[in-house]
Amino acid sequence: MTEKSYTRRDDGSNGSKGVGRMTGTVLVTSGTGKTGRRAVQRLTALGVPVRSGSRTGEVSFDWQDDTGWEAALRGTEAAYVAYYPDLAVPGAAEAMAAFGRTAAACGVRRLVLLSGRGEPQAAVAEEALRGAAGRAEVTVVRSAFFAQNFSEGALLDGVIGGELVFPAGTAAEPFLDLDDLADVVVAALTGDGHAGAVYELTGPRSLTFEQAAEELGRATGRPVRYVPVTGPAYASLLEEFGVAEAEAGFLAELFATLLDGHNAATTDDVKRVLGREPKDFSGFARAAARDGAWHG
């Protein structure tokens with residue numbers, strides 16, 4: 001596949017925003033992760049030249065080793081920036097500034113950054129990227145809690161075992177389907193009209209974790225129970241499963257910050273970008289069950 005720039009004509013009849021202009025080569029960081037993998041698939045299907053960057057992928061890219069960033073970015077027009085493990089961790093803002101400087105030096109024209117909704121420290125990292133990216137267009141995509149955390153992430157084993165142990169209390173969360181997230185990311189990477197935008201992406205309704213467990217139970221055909229725990233108790237549980245003490249403490253604190261109720265409201269940003277409603281959690285659960293996510 002060549003790496004030249006080209007354009008596509010589109011009359012915009014699908015209702016989505018800014019779909020007329022395609023890009024040249026796109027670097028997808030964390031390209032084998034939950035969001036990066038989906039972005040790579042969609043870009044490839046559109047015929048956009050893609051570099052899937054990861055520590056073990058086709059293009060070497062490691063967030064902990066900036067010596068390979070220039071080679072990964074050189075010759076690209078746009079990049080999807082999915083920082084691992086989270087933009088709220090210590091050092092993330094510095095990493096974003098360094099990445100932005102490297103992208104600017106390589107002539108990258110467009111950056112789409114995955115961020116967390118309602119994370120104050122993530123907002124600091126967002127600003128660090130903007131400040132360092134020079135003339136590059138920066139779009140920020142702030143996501144609600146991923147629905148796929150129940151089928152591909154840390155909560156998978158809990159669904160299989162019938163017991164979701166998590167420090168969410170009774171807070172409601174508008175779980176976002178990662179298919180919607182990936183579609184928005186690709187629209188921002190390949191279409192016009194997104195420069196400087198900050199999109200807060202949510203699903204169409206908010207559910208408590210108890211309600212989510214009930215829907216997962218209906219989809220799997222077996223009971224799934226939500227067990228609320230405190231943050232410290234959850235950190236101790238993570239340590240029992242081999243998570244380092246510092247990381248376990250960080251995760252527990254992060255979830256306490258995100259799931260205190262301030263993120264419960266839904267937004268219409270998915271519809272604003274894509275021209276359609278976001279996918280509902282019950283639809284996600286049925287599809288994941290049909291695809292064998294919880295056959296363990």
Side-chain angles (χ1 to χ4, degrees), residues 33-35 81-89 92-93 96 112-127 129 139-155 158-159 164-185 188 197-216 226-235 238 249-274 277-285:
K34 288 195 291 292
T35 69
V81 187
Y83 181 74
Y84 179 85
D86 190 274
L87 283 183
V89 303
M96 288 299 97
V112 178
L113 173 65
L114 175 63
S115 187
R117 187 174 182 235
E119 292 185 41
Q121 290 305 311
V124 175
E126 295 170 11
E127 191 57 38
L129 180 65
T139 304
V140 175
V141 177
R142 294 175 179 166
S143 177
F145 199 94
F146 299 161
Q148 277 78 3
N149 284 337
F150 295 100
S151 60
E152 302 174 27
L155 298 176
V159 178
L164 286 173
V165 180
F166 205 67
T170 60
E173 176 70 15
F175 300 102
L176 177 71
D177 193 298
L178 286 184
D179 287 342
D180 290 334
L181 172 64
D183 286 345
V184 170
V185 165
V198 176
Y199 297 124
E200 295 211 0
L201 305 186
T202 74
R205 63 187 174 113
S206 296
L207 296 83
T208 66
F209 273 68
E210 182 176 14
Q211 292 170 327
E214 291 172 355
E215 296 219 14
L216 292 166
Y226 170 56
V227 181
V229 294
T230 65
Y234 185 69
L238 291 177
F250 164 76
L251 289 172
E253 183 177 350
L254 176 63
F255 292 138
T257 299
L258 296 179
L259 299 168
D260 64 358
H262 77 281
N263 281 333
T266 61
T267 75
D268 65 353
D269 281 3
V270 169
K271 185 174 183 179
R272 285 176 55 207
V273 177
L274 302 178
E277 296 293 337
K279 296 182 179 180
D280 189 72
F281 187 83
S282 60
F284 147 74

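Distance check: Ser282 OG to Arg205 CZ gives 5.0 Å after rounding to the nearest 0.5 Å. With rounding to the nearest 0.5 Å, the separation of CG in Leu274 from CG in Asp269 is 10.0 Å. Here the straight-line distance linking atom OH of Tyr226 with atom CG of Leu155 works out to 10.0 Å at 0.5 Å rounding. A distance of 8.5 Å separates CG in Asp86 from CG in Leu251, rounded to the nearest 0.5 Å. Atom CG of Leu164 and atom CZ of Phe209 lie 8.0 Å apart (nearest 0.5 Å). With rounding to the nearest 0.5 angstrom, the CG atom of Leu201 is 10.5 Å from the CG atom of Asp268.
Residues Leu181 and Val185 form a side-chain contact, since some pair of their non-hydrogen atoms from C-beta on lies under 4.5 Å apart. Residues Asn263 and Leu258 meet the side-chain proximity criterion, which asks for heavy atoms closer than 4.5 Å. The shortest side-chain heavy-atom distance between Lys279 and Val270 does not fall under the 4.5 Å cut-off.
Applying the 6.0 Å contact sphere to CD of Glu253 captures no more than 12 heavy atoms from other residues, nucleotides or ligands. For Tyr84, the OH atom sits in a loose shell: 12 or fewer heavy atoms of surrounding residues, nucleotides or ligands are nearer than 6.0 Å. The local environment of CD in Gln211 is crowded, with over 12 non-hydrogen atoms from other residues, nucleotides or ligands closer than 6.0 Å.
Closest of all the heavy-atom pairs between Ser115 and Val140 is CB-CG1, 3.9 Å. Closest non-hydrogen pair, Ala212 versus Phe175, comes out as CB-CE1, 3.9 Å.
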With a cut-off of 3.5 Å and sequence neighbours excluded, list every side-chain donor-acceptor pair involving residues 143-150.
{"from": "Gln148", "atom 1": "OE1", "to": "Leu178", "atom 2": "N", "distance (Å)": "2.9"}
{"from": "Gln148", "atom 1": "NE2", "to": "Asp177", "atom 2": "OD1", "distance (Å)": "3.2"}

*Start with the C-alpha gap between Leu129 and Tyr83, add the side-chain angles, then the distance that decides, and say whether side-chain contact (heavy atoms from CB on, under 4.5 Å) holds.*
CA-CA 11 Å; Leu129 180 65; Tyr83 181 74; over 6 Å; no
*Apply the test side-chain contact (heavy atoms from CB on, under 4.5 Å) to residues Val81 and Met96: give CA-CA distance (whole Å), side-chain angles for both, the deciding distance (0.1 Å), then the verdict.*
CA-CA 9 Å; Val81 187; Met96 288 299 97; 4.0 Å; yes
_Walk me through whether Glu215 and Phe284 qualify under side-chain contact (heavy atoms from CB on, under 4.5 Å)._
CA-CA 10 Å; Glu215 296 219 14; Phe284 147 74; over 6 Å; no
*Might you work through the side-chain contact (heavy atoms from CB on, under 4.5 Å) test for Ser151 and Val159, ending with a clear yes or no?*
CA-CA 8 Å; Ser151 60; Val159 178; over 6 Å; no
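Counting only residues at least two apart or on different chains, the salt bridge (charged side-chain N to carboxylate O under 4.0 Å, His left out) pairs with a member in residues 116-125 are Arg117-Glu200.
The closest donor-acceptor contact from the side chain of Thr208 to the backbone of Thr170 lies at 3.5 Å or more, if one exists at all.
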